[in-house]
Amino acid sequence: MNLGLVGLGRMGSNMRERLRDRGHDVLGYDPNAAVSDVTDLQALVKALPAPRIVWVMVPAGEPTRHVVDELALLLSAGDLVVDGGNSRFTEDRVHAALLKDRGIHYVDCGVSGGVWGRQNGYALMAGGEKADIERLLPIFDALRPEGDRADSFVHAGGVGAGHYAKMVHNGIEYGLMQAYAEGYELLAAEDCISDVPAVLRAWSQGTVVRSWLLDLLVQALTDDPSLASISGYTEDSGEGRWTVEEAIAHAVPAPVISAALFARFASRQDDSPAMKAVSALRHQFGGHAVRSAPAQVR
């Protein structure tokens with residue numbers, strides 16, 4: 001199949017190569033001319049045979065909105081746009097309505113697999129009309145791992161369902177990573193444990209906590225046993241926040257995912273104002289000792 005791919009970052013560039021390796025004709029556009037196959041979006045659209053398929057892999061929010069708006073003016077009725085980034089599911093309804101007014105079809109697709117996707121394949125969660133999903137199946141099949149399609153691909157529902165599924169997936173990911181991280185810290189805190197990476201590696205086979213995330217943590221500790229080369233400052237890209245907001249909207253208790261999100265916020269504080277208040281309260285009601293703040297460098 002012929003496919004246009006917008007956004008050739010870490011995910012997009014690997015997806016382009018995986019699709020090409022499996023016989024698809026992929027033209028990619030990126031503002032970085034060093035990696036782009038064409039000069040701009042207009043050139044991309046002109047180079048694709050009609051009816052066109054354009055897959056968008058750019059950051060969520062304004063960058064995605066900008067690309068969709070531009071594609072709405074460049075594409076023709078019968079063409080199809082896929083948003084494979086991490087857009088919020090509510091944005092999909094806006095994009096779909098805009099494109100539908102021009103006869104352009106729309107599918108949202110959550111993509112999981114990270115930088116390992118080119119080699120291992122991607123898990124795909126799609127939302128949209130059945131006919132549009134079936135049109136894209138050769139692309140989905142090339143991107144996903146070998147084996148039963150149902151193990152790595154789902155048509156989750158109508159427009160927005162793919163990104164909603166990916167949002168919840170990433171919320172779960174927050175909780176899993178936080179649990180492994182806390183276990184690592186607890187192991188490292190105990191003097192009788194002489195080899196923390198070896199303990200974690202011993203969980204890789206046979207245990208109920210084995211997973212790819214655990215394998216990646218073992219690899220990170222193999223490369224840097226004390227993780228001395230990185231900071232604990234941890235960003236969040238949005239999906240965890242959205243998952244917690246949806247949990248509130250649906251009155252679904254999500255204490256683990258919520259705690260994992262808030263732990264990321266805590267990682268960004270050099271000296272937590274909230275914990276300062278807790279320390280002050282303990283001193284006030286119980287006379288508990290407090291530590292002086294470090295001297296400020298001027």
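What you see is a predicted model; the values in this text were computed from it and never measured. Heads up: numbering here begins at 1 and tracks the sequence.
- When atom types are taken as modelled, the side chain of T243 and the backbone of M167 share a donor-acceptor pair closer than 3.5 angstrom.
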Kindly list each side-chain donor-acceptor pair under 3.5 angstrom involving residues 110-127, sequence neighbours excluded, with atom names and distances?
from : atom 1 : to   : atom 2 : distance (Å)
S112 : OG     : H169 : NE2    : 3.2
Y122 : OH     : R118 : N      : 3.4

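- In this structure a side-chain-to-backbone donor-acceptor pair under 3.5 Å is present from D108 to G160.
- Side-chain atoms of D40 come within 3.5 Å of backbone N or O of A43 as a donor-acceptor pair.
- With sequence neighbours excluded, no residue forms a side chain to side chain donor-acceptor pair (under 3.5 Å) with E70.
- Counting only distance, with no hydrogens or angles, the side chain of S267 and the backbone of R264 share a donor-acceptor pair below 3.5 Å.
- Remark: D151 engages D148 in a side chain to side chain contact (heavy atoms under 4.5 Å, CB included) (not counting sequence neighbours).
- In this structure, the side chain of R22 does not engage the main chain of L143 through any donor-acceptor pair within 3.5 Å.
- Looking only at distances, a side-chain donor or acceptor of T222 sits under 3.5 Å from a matching main-chain atom of V218.
- Qualifying side chain to side chain donor-acceptor pair (under 3.5 Å) partners for R144, counting only residues two or more places apart in sequence or in other chains: D141.
- Formation of a donor-acceptor pair under 3.5 Å by the R52 side chain with backbone atoms of V45 is found in this model.
- Residues satisfying the side chain to side chain donor-acceptor pair (under 3.5 Å) criterion with H105, sequence neighbours excluded, are D132.
- A donor and an acceptor atom, one from each side chain of D223 and Q219, are located under 3.5 Å apart.
- The side-chain hydrogen bond (donor to acceptor under 3.5 Å, both in side chains) contacts involving residues 184-211 comprise Y180-S211, where partners must be two or more places apart or lie in separate chains.
- Residues in residues 18-44 take part in no ring pair (Phe, Tyr, Trp, His ring centres under 6.0 Å) pair, two or more places apart or across chains.
- In this structure, L27 is not a member of the same hydrophobic cluster as V82, with clusters built from ILVMFWY side-chain heavy atoms closer than 4.5 Å.
- Among residues two or more places apart in sequence or in another chain, the side chain to side chain contact (heavy atoms under 4.5 Å, CB included) test is passed with A188 by V196.
- A search for side chain to side chain contact (heavy atoms under 4.5 Å, CB included) contacts involving P63 returns V58, P59, not counting sequence neighbours.
- Residue pairs meeting the ring pair (Phe, Tyr, Trp, His ring centres under 6.0 Å) criterion with at least one partner in residues 222-272, sequence neighbours excluded, are F262-F265.
- Taking V256 as the reference, nothing meets the side chain to side chain contact (heavy atoms under 4.5 Å, CB included) condition, with sequence neighbours excluded.
- Side chain of N14 to main chain of R10: a donor-acceptor pair is present (N/O by atom type, distance under 3.5 Å, no hydrogens or angles).
- Considering only residues two or more places apart in sequence or on other chains, S87 meets the side chain to side chain donor-acceptor pair (under 3.5 Å) condition with D83.
- Here E245 pairs with R88 in a salt bridge; the nearest charged N to carboxylate O distance falls below 4.0 Å.
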